[in-house]
Amino acid sequence: MFPARILAGAPLALVILAVSGCSSLWGCTDTTAKRGEAGVRVQVEDTSGRPLGVTAEVVDWRLEPHPQEPSEGDQVHFHFRFYGADDVSGPAVDACAVDKERVALGCRTVYSSEAFGPGGDLTGDGWLAAEHPDQVAGVLLIPNDQSYDRRTCEQDIKDGGGPHPPEPAGVGDQL
């Protein structure tokens, strides 16, 4: 009789542990990938730092007014290319306008699905707003794939956790 009462209370004990924030029960751990070295041409890498077999490249860039916001002044208009990417579910990387010291002046994530072209060589263009466009010395890509970020342990104790891409690059980041 005694073991039956213990067994009957075990599920309740597990619920209490889970609700109380005892995450060690599931063994959930979040890790964040180290930001890769930014460049004009990069090998896109997963959260473990392994290459995905896709290359991303800034083809060219220039300062000009955005056609839909000409009163905003010059912005950075750049063309990018993904080599070997899937145009539906391929990777995404952060693109940043940088000054001569490689400090980010404006960033956004560019997705291979935004680009078009034959045979896995996909070309697209984008715009970056920079508070001081006259300081822009180039556009760099960060190789970490930003296309998928799984749920964290805090969001989903049972199925979350694991490796996550680094935080997206932002103004002031040293690249």
Heavy atoms only: give me the nearest [X]-[Y] pair and the separation to one decimal.
| X | Y | value |
| --- | --- | --- |
| C153 | T29 | SG-N, 3.2 Å |
| P91 | A85 | CD-CB, 4.2 Å |
| L122 | S112 | CD1-O, 3.7 Å |
| E114 | F116 | O-CE1, 3.5 Å |
| C107 | A169 | CB-O, 3.5 Å |

Is it the case that one hydrophobic cluster holds both L63 and V58, taking links as side-chain heavy atoms less than 4.5 Å apart, direct or via other members?
yes
When hydrophobic residues are tied together by side-chain contacts of less than 4.5 Å, even through go-betweens, does V76 share a cluster with Y111?
no
Is any side-chain heavy atom of D173 closer than 4.5 Å to a side-chain heavy atom of C96?
no
Hey, are D94 and R35 close enough for a salt bridge, meaning a charged N less than 4.0 Å from a carboxylate O?
no
Just wondering, are more than 12 heavy atoms of other shown residues or ligands nearer than 6.0 Å to CD in E69?
yes
Whether W127 and H66 hold their rings parallel, tilted or perpendicular, with breakpoints at 30° and 60°
tilted
Acceptor/donor pairs from residues 129-144 side chains to any protein atom, 3.5 angstrom cut, sequence neighbours excluded:
from: N144; atom 1: OD1; to: G36; atom 2: N; distance (Å): 2.8
from: N144; atom 1: ND2; to: K34; atom 2: O; distance (Å): 3.1

Point-to-point distance, once rounded to the nearest 0.5 Å, from CG of D125 to CH2 of W61
15.5 Å
To the closest 0.5 Å, what do you measure between CG (D99) and CD (Q174)?
8.0 Å
For F78, give me all partners under ring-ring contact (aromatic ring centres under 6.0 Å, His included), at least two apart in sequence or on another chain.
F80
Only distances under 3.5 Å count here; give the side-chain donor-acceptor pairs of residues 40-56 to other protein atoms, sequence neighbours excluded, each with its distance to 0.1 Å.
from: R41; atom 1: NH1; to: E57; atom 2: OE1; distance (Å): 3.3
from: Q43; atom 1: OE1; to: T55; atom 2: OG1; distance (Å): 3.4
from: Q43; atom 1: NE2; to: T55; atom 2: OG1; distance (Å): 2.9
from: D46; atom 1: OD1; to: S48; atom 2: N; distance (Å): 2.8
from: D46; atom 1: OD1; to: G49; atom 2: N; distance (Å): 3.1
from: D46; atom 1: OD1; to: R50; atom 2: N; distance (Å): 2.9
from: D46; atom 1: OD2; to: R50; atom 2: NH2; distance (Å): 3.4

